[in-house]
Peer 1: 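Here's a structure for you.
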Amino acid sequence: MGIIEKFKFIKPGEVRTRFAPSPTGFLHIGSARTALFNYIFAKKSKGSFILRIEDTDVERSKPEFEKDIIENLKYMGIEKDEDIYKQSERRDIYAKYLEKLLKQGKAYYCFCSEEELEAQRQEQMSRGLPARYNGKCSNLSSKEVKNKLAQGQKCIIRFKIPAKKVSFEDMVRKNIEFDSSLIGDTAIAKDLKSPLYNFAVVVDDFEMKISHVIRGEDLLPNIPIQILLQKALGFPKPEYAHLPLILGPDKSKLSKRHGAVSIGEYKKQGYLPETLINFLAFLGWNPGTEREVYSLASLIKEFSIERVQKGAAVFNIKRLDFLNGFYIRQKSPEKLTELCLPYLIQEGLIEPVFKTEQYPPAYGGMSITQDYKVNETKEKVGFDYLKNIIAIYQERLKKLSEITELTDFFFKDELRYDKKLLQWKDMTDEEIESSLDRLTEVLSKIKDKDWTKKSLENILTLEAEKIGDRGKILWPLRAALTGKEASAGPFEIAEILGKEKTLKRLKEARELL
Ligand code: GLU
């Protein structure tokens, strides 16, 4: 369906929002928040959410950024309602409107050189005046313009900014006023087919029948030009909502210094889509209650633009971890295993043996199967075995990527650790040795069929009580099995490792001393 026919079917009064990223970087937290608010706002009103790639800046726009933006929106479940619009494919439309403005004398070609403009700026600034174009080329006769164009002189197209006071009501920032006499005539295109940001946005918002423009406050300085362009072109003004800035924990603008800033990086670390959605929603919005957990569906129900704050939002990574831990605990062990396996595979700990079902690509495109090989020991293990391992960490997992460090000892042949790790409090080497010997003796006697967490716990607790200090038995056991300062409890670990491997690790610990 062509663009014109498609828009014919839009119902009058229909809410239509857009997310309009420039593909000049990976999908940033701030942009993702803009996308989310536009999406929720449209869905709440049963309207449409569209995705428009603003790629008219040929030098800075890159296909890999466009791909990253599209993939990560998908990962978060922010679905567009129409095919993607790309500004680079709409140059004829902009040309039509540029010609109209030129014909009406509301825009003009400017042939001033960079040096000339720079000298002008310097001169204005030295007199304490705002730097703005002096309007020189607006006085060229049409013949002069024709000649210069025919000679191929370098030029741009400027919009004649009418000097007037303009005010409008922003849904978040309330009444905003500006005096356009402070802005000089502004460049809106490099040539008929190369519009600049302000012009392309105004034309597209009109052409795409955008009813509400929701975007970051950093774009507010462009609003005077955009509103004046709308007036010049005879377009209705959409409603505006400018979202507050996002600051890092130190209250400076969120940037790479504060850690990961792209959604892709958070996805890689294993933050779930539901976490990201819930987290982003609270960057500038809150329900006014104590409730913290919101799914996308409940946000659509509860969200209101009136509750979007003017003041900056502060990025709090602890909240992100809290939410992710929460959503991880909600998963079934099967689902969590599916989510974690790609990390174990990527780390080289295990390898899928059969690639059968394709894993949903949103989670990294890894194959999930029933059979795996442990790379170091060459053992064959099944999905359920891996599920048991992952399940004992479900409670403490904050992000999926942590699973490799928490569980790697299950997939190693021999553990490497300092013998000091085996020491509980001030135990002597002799005491540790005797604990390890005692453990070996007791555990050797347990029949395979009794090798369960429950009976291991019963037997070893009894043994520990004989010594008087549980730590003297259970700490060296846990340390010998994991080679780690902290881990899940020794009984559940021993159950999964099995008798043979448990005894082997006790023997290795004994040899270490
Ligand atoms: N393309 C602009 C940007 O990425 C946003 C355009 C708009 O929302 O008006 O900053």
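All ligand and atom numbering here is 1-based and tracks the order in the structure.
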Peer 1: Are Leu276 and Tyr75 packed together at the side-chain level, in the sense that at least one heavy-atom pair is separated by less than 4.5 angstrom?
Peer 2: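 The answer is yes; the side chains approach within 4.5 Å.
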Peer 1: So which protein heavy atom does atom 5 (C) of ligand 1 come closest to, and at what separation?
Peer 2: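 Its nearest protein heavy-atom neighbour is Ala20 O, 3.3 Å.
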Peer 1: Are any of the side-chain heavy atoms of Phe282 and Pro287 separated by less than 4.5 Å?
Peer 2: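 A side-chain contact under 4.5 Å exists here.
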Peer 1: Just jot down the ligand 1 atoms closer than 4.0 angstrom to any heavy atom of Glu54, in number order.
Peer 2: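 The list of qualifying atoms is 1 (N), 2 (C), 5 (C), 6 (C).
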Peer 1: Using a strict 4.0 Å cut-off to heavy atoms of Ser22, name the atoms of ligand 1 that fall inside it.
Peer 2: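 Those atoms are 1 (N), 2 (C), 3 (C), 4 (O).
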Peer 1: Against heavy atoms of Arg18, which atoms of ligand 1 measure under 4.0 Å?
Peer 2: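 Answer for ligand 1: 7 (C), 8 (O), 9 (O).
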Peer 1: Among Trp285, Phe303, Phe279, which one satisfies ring pair (Phe, Tyr, Trp, His ring centres under 6.0 Å) with Tyr294?
Peer 2: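 Result for ring pair (Phe, Tyr, Trp, His ring centres under 6.0 Å) with Tyr294: Trp285.
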Peer 1: For a side-chain contact (heavy atoms from CB on, under 4.5 Å) with Ile157, tell me which candidate from Leu196, Leu192, Asp191 qualifies.
Peer 2: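 So the option named by the test is Leu192.
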Peer 1: Any heavy atom of Tyr197 sitting closer than 4.0 Å to ligand 1?
Peer 2: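 Flag set, Tyr197 near ligand 1.
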Peer 1: Using a plain distance cutoff, I'd like to know if Pro21 has any nitrogen or oxygen under 3.5 Å from a nitrogen or oxygen of ligand 1.
Peer 2: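 No; every N/O pair is 3.5 Å or more apart.
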Peer 1: For the pair Ser298 (side chain) and Ser295 (backbone), establish whether a donor and an acceptor sit closer than 3.5 Å, ignoring hydrogens and angles.
Peer 2: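 Checking the backbone N and O of Ser295 against the side chain of Ser298, a donor-acceptor pair under 3.5 Å is found.
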Peer 1: Are the side chain of Arg18 and the backbone N or O of Asp205 linked by a donor-acceptor pair below 3.5 Å?
Peer 2: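 No.
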Peer 1: Starting from atom 9 (O) of ligand 1, find the nearest protein heavy-atom neighbour and note its residue, name and distance.
Peer 2: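 Protein heavy atom at minimum distance: Arg215 NH1, 2.7 Å.
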Peer 1: Are Glu302 and Arg307 ion-paired here, with the side-chain N under 4.0 Å from a carboxylate O?
Peer 2: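 Not counted as a salt bridge, because no side-chain N and carboxylate O are separated by less than 4.0 Å.
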Peer 1: Would you tell me which option among Asp205, Val201, Leu219 has the nearest heavy-atom contact to atom 10 (O) of ligand 1?
Peer 2: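 That would be Leu219.
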Peer 1: Would you check the N or O atoms of Gln226, main chain and side chain alike, for any that come under 3.5 Å of an N or O of ligand 1?
Peer 2: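 No, Gln226 has no N/O under 3.5 Å of an N/O on ligand 1.
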